[in-house]
Number of protein chains: 2
Amino acid sequence: MTTEAGHSKQRDPQDLAQRLRHSGLRNTRPRRYVLEVLAHEEQPLSSREIHSRMGEQACDLVTVYRCLADFERVGLVQRHEFGDGNARYELNDQSGHHRHYVVCRICQRKEAMDVCPPHWLEEKLRVRGYSDISHSMEFFAVCPHCRLQEERESARPQ
Amino acid sequence: MTTEAGHSKQRDPQDLAQRLRHSGLRNTRPRRYVLEVLAHEEQPLSSREIHSRMGEQACDLVTVYRCLADFERVGLVQRHEFGDGNARYELNDQSGHHRHYVVCRICQRKEAMDVCPPHWLEEKLRVRGYSDISHSMEFFAVCPHCRLQEERESARPQ
DNA sequence: ATGTATGCAAAGAGTTTGCAAATGG
DNA sequence: CCATTTGCAAACTCTTTGCATACAT
């Protein structure tokens, strides 16, 4: 179901630099830092989350925004909208695979689901004349851990 | 594929008032107006869009925000995130059905898709211990109309 | 050398909050 | 009559923009 520890993200810094060059983007320190943070995370992060993980004085928060916009444009990262008004980003692997997540309503943790989703739906759209098709899909739920916590608390009121 | 004109939304004002009462919300003028606007629309609307369709002086924009938050809480409306940083809302029908949309990358029009999506995925989550499960799913593409337009323009450069 | 990227400050936009006044049941 | 709801003003947060400076190639 999930790949909590099984990500095959690019953690090799050399490779990150290469992917930067291949994207036509200059290999700068802020960009390397943003990519490194993303490479070490199991779940999508917001600009602010990335910035604090970089060590505050690594670069300006604005630069993180600009890096992520560039990265998305060239396909280096995938943006997610989890409905809390914060865009979150994850590193794409080279194969172009993207992930979908289940977000816990309580603890907000994001867990990847290794399902490859509605391709036949995109096909239906293509037949109808749509082109350049993509999709977003996220799940929201109470995770097993938080559910237990809730049950304990309701069993022992106060 | 789509139900452009075939919506079975509640357009009967009397019924809208009933649904308000059944939700434990007071039947106020702003709330009735918001519901009426939603009942007459074929695609999800943002708070601002709803507000302008109400006739500006119907109520304050803030009230629209509060109405929609309440409506979502009691299940009267469904919120969508189309990735432009504006939450959009559509009226739910009583059966609890919700829709998914394809958003045109050019003209931004939203067209409903009458597909009922990944229930088996929710089942997989349930088996893993997740509860209170819901999902979001949206498609993004260039619609047939805008694609034609693009082709014409590229065929006759300048 | 030159176009690209960054920092800083400030603006924009959507959404939320505080509180007194109005209103629904 | 009393809790709920609204209006108005202001705050908050995320994100974007302008422009001079610094940097990568």
Side-chain angles (χ1 to χ4, degrees), chain A residues 13-14 16-37 44-74 76-77 79-89 103 108, chain B residues 13-14 16-37 44-74 76-77 79-89 103 108:
Chain A
Q14 219 168 349
L16 292 176
Q18 247 180 45
R19 293 181 71 180
L20 268 181
R21 240 173 286 114
H22 281 61
S23 306
L25 298 175
R26 291 188 174 172
N27 181 357
T28 69
R29 209 171 60 130
R31 282 175 179 162
R32 266 178 278 126
Y33 282 13
V34 170
L35 287 180
E36 269 168 35
V37 169
L45 297 177
S46 68
S47 298
R48 191 171 300 278
E49 288 168 334
I50 293 169
H51 186 236
S52 23
R53 278 167 175 70
M54 287 171 64
E56 299 294 345
Q57 81 283 42
C59 77
D60 195 280
L61 176 58
V62 181
T63 300
V64 178
Y65 275 99
R66 290 196 265 228
C67 287
L68 291 170
D70 292 339
F71 292 169
E72 190 190 8
R73 180 170 47 76
V74 302
L76 229 43
V77 301
R79 187 173 70 186
H80 291 268
E81 298 282 349
F82 291 132
D84 67 346
N86 283 40
R88 312 210 174 222
Y89 297 83
V103 186
Q108 310 301 322
Chain B
Q14 219 168 350
L16 291 176
Q18 247 181 45
R19 293 180 73 180
L20 268 181
R21 239 172 288 115
H22 281 59
S23 307
L25 299 175
R26 288 188 177 173
N27 181 358
T28 70
R29 211 171 59 128
R31 281 176 180 163
R32 266 178 280 127
Y33 282 13
V34 170
L35 287 180
E36 269 168 33
V37 168
L45 297 177
S46 68
S47 298
R48 191 173 300 277
E49 288 168 335
I50 293 170
H51 186 237
S52 22
R53 279 167 175 70
M54 286 170 65
E56 298 295 344
Q57 81 284 42
C59 78
D60 196 279
L61 176 59
V62 182
T63 300
V64 177
Y65 275 100
R66 289 196 265 228
C67 287
L68 291 169
D70 292 339
F71 292 169
E72 190 190 9
R73 180 170 45 77
V74 302
L76 230 43
V77 301
R79 188 173 68 186
H80 291 270
E81 299 281 350
F82 291 132
D84 66 347
N86 283 39
R88 313 210 174 220
Y89 296 84
V103 186
Q108 310 301 323

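Letters A, B, ... are given to chains in the order of the sequence lines, protein chains preceding strands, and every chain is numbered from 1. Computed from heavy atoms alone, side chains included, the values below leave out hydrogens, waters and symmetry copies.
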Nearest-Å distance, [atom1] ([X]) to [atom2] ([N])?
X        : N       : atom1 : atom2 : value
Asp84(A) : dT16(C) : CG    : P     : 11 Å
Leu68(A) : dC14(D) : CG    : P     : 14 Å
His51(A) : dT16(D) : NE2   : C1'   : 16 Å
Glu49(B) : dG14(C) : CD    : P     : 10 Å
Arg48(B) : dG14(C) : CZ    : P     : 5 Å
Arg32(B) : dT6(D)  : CZ    : C1'   : 14 Å

Presence of Tyr65(B) side-chain N/O under 4.0 Å of dT15(C) phosphate oxygens OP1/OP2: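 Indeed, a polar side-chain atom of Tyr65(B) lies that close.
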
Is the phosphate of dG14(C), meaning OP1 or OP2, less than 4.0 Å from a side-chain N or O of Asn86(B)?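 For Asn86(B), the contact criterion (side-chain N or O under 4.0 Å from OP1 or OP2 of dG14(C)) is met.
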
Overall bend - the helix from dA1(C)-dT25(D) to dG25(C)-dC1(D), comparing terminal axes fitted on five pairs, nearest 10 degrees: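 The value is 40°.
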
Residues in side chain to side chain donor-acceptor pair (under 3.5 Å) contact with Asn27(B), at least two apart in sequence or another chain: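 Asn27(B) satisfies side chain to side chain donor-acceptor pair (under 3.5 Å) with Arg32(B) once adjacent residues are dropped.
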
Would you compute the distance between atom [atom1] of [X] and atom [atom2] of [Y] and round it to the nearest 0.5 angstrom?
X        : Y        : atom1 : atom2 : answer
Met54(A) : Asp60(A) : CE    : CG    : 10.0 Å
Arg79(A) : Glu72(A) : CZ    : CD    : 4.5 Å
Arg29(A) : Thr63(A) : CZ    : OG1   : 11.0 Å
Tyr89(A) : Glu49(A) : OH    : CD    : 12.5 Å

Scan nucleotides 1-8 of chain C nucleotide by nucleotide, 5' to 3', and note B when protein non-hydrogen atoms come under 4.0 Å of the base, S if they reach only the sugar-phosphate, - if neither. --BBSSBB

Quick one, Leu20(B) with Thr28(B), criterion side-chain contact (heavy atoms from CB on, under 4.5 Å). Give me CA distance, side-chain angles, the key distance, then yes/no. CA-CA 9 Å; Leu20(B) 268 181; Thr28(B) 70; over 6 Å; no

Closest non-hydrogen atom pair, Arg88(B) against Pro44(B):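 What the structure gives for the nearest pair is CB-CB, 3.7 Å.
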
Pick from Leu45(B), Leu61(B), Leu35(B): which one makes a side-chain contact (heavy atoms from CB on, under 4.5 Å) with Ile50(B)?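 Answer to the side-chain contact (heavy atoms from CB on, under 4.5 Å) test with Ile50(B) among Leu45(B), Leu61(B), Leu35(B): Leu45(B).
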
Using heavy-atom distances to pick each residue's nearest nucleotide on DNA chain C, tell me which of Arg79(B) and Arg21(B) is more 5'.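 The residue mapped nearer the 5' terminus is Arg79(B).
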
Looking for any heavy atom pair under 4.0 Å, which part of the strands does Ala87(B) touch: base, sugar-phosphate only, or nothing?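 Sugar-phosphate contact only.
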
Looking at Val34(B), is its backbone amide N or carbonyl O close enough to the side chain of His51(B) to form a donor-acceptor pair, meaning the two atoms are under 3.5 Å apart?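 No.
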
